[in-house]
Amino acid sequence: MNIDNELLKNLNKLHTTELGIKRIKRNLSLDTDNVADWCKNEISSANAVITRKGKNWYVNADNYIITVNASSYTIITAHKEKK
């Protein structure tokens, strides 16, 4: 994990939309109502690999891929990593 990463420095700005919550819960079969906090925990975990491609951050952690818009810090989607 890169401690100097811009996404990690701005975890407090991370949020999602109502549709994003539904999409992430469906894609990951989550049983939590606080999807943003769940994603923050995954992003800040020691084994998270964070990369930026274009306008989005991609976080690979615990066999999940979380997509975050780099300018608004909106969690767009998350899905299980395909093997």
Side-chain angles (χ1 to χ4, degrees):
M1 178 175 74
N2 181 359
I3 202 68
D4 294 327
N5 186 286
E6 183 182 342
L7 180 59
L8 292 176
K9 289 179 182 177
N10 292 288
L11 274 180
N12 61 323
K13 296 180 182 177
L14 219 57
H15 65 280
T16 191
T17 62
E18 285 298 318
L19 286 175
I21 290 169
K22 291 178 185 177
R23 181 173 42 251
I24 293 165
K25 285 176 76 169
R26 182 187 65 236
N27 289 352
L28 302 182
S29 303
L30 290 181
D31 191 28
T32 182
D33 289 327
N34 205 334
V35 172
D37 281 345
W38 185 90
C39 289
K40 287 177 189 179
N41 288 336
E42 290 297 316
I43 291 168
S44 61
S45 69
N47 62 337
V49 177
I50 302 171
T51 55
R52 182 169 175 175
K53 295 179 187 170
K55 64 180 182 173
N56 293 330
W57 292 104
Y58 296 93
V59 182
N60 292 47
D62 297 329
N63 296 319
Y64 300 114
I65 300 173
I66 302 168
T67 306
V68 179
N69 181 281
S71 60
S72 67
Y73 295 100
T74 303
I75 304 164
I76 299 167
T77 192
H79 58 272
K80 294 178 182 174
E81 192 172 25
K82 294 177 182 162
K83 296 285 178 172

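Residues passing the side chain to side chain donor-acceptor pair (under 3.5 Å) test with Tyr64, sequence neighbours excluded: none. Scored by the side chain to side chain contact (heavy atoms under 4.5 Å, CB included) test, Thr67 finds Asn56, Tyr58, Ile76, Thr77 as partners (sequence neighbours excluded). The side chain to side chain donor-acceptor pair (under 3.5 Å) search around Lys80 returns none, not counting sequence neighbours. Remark: His79 engages no residue in a side chain to side chain donor-acceptor pair (under 3.5 Å) (not counting sequence neighbours). With sequence neighbours left out, the side chain to side chain donor-acceptor pair (under 3.5 Å) criterion links Ser29 to no other residue.
Between the CG atom in Asn63 and the CG atom in Leu28 there is a gap of 11.0 Å [rounded to 0.5 Å].
Clustering ILVMFWY residues whenever any of their side-chain heavy atoms sit less than 4.5 angstrom apart, transitively, puts Ile75 in the very cluster that holds Leu11. Residues Tyr73 and Val35 share a hydrophobic cluster, clusters being chains of Ile/Leu/Val/Met/Phe/Trp/Tyr side chains in contact below 4.5 Å. Ile50 and Ile65 fall into different hydrophobic clusters, defined by Ile, Leu, Val, Met, Phe, Trp and Tyr side-chain heavy atoms under 4.5 Å apart, directly or through other members.
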Which atom pairs, donor and acceptor, lie under 3.5 Å between side-chain atoms of residues 36-43 and protein residues at least two apart or in another chain?
from	atom 1	to	atom 2	distance (Å)
Asp37	OD2	Asn34	ND2	2.7
Asn41	ND2	Asp37	O	3.4

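When all heavy atoms are compared, the tightest approach of Ser44 to Leu8 is CA-CD2, 4.1 Å. Here the shortest heavy-atom pairing between Ile66 and Ala78 reads CG1-CB, 4.0 Å.
Checked by atom type and distance alone, the side chain of Asn10 never pairs as donor or acceptor with a backbone atom of Lys13 at under 3.5 Å.
Applying the salt bridge (charged side-chain N to carboxylate O under 4.0 Å, His left out) rule to pairs touching residues 16-31 yields Lys25-Asp33, sequence neighbours excluded.
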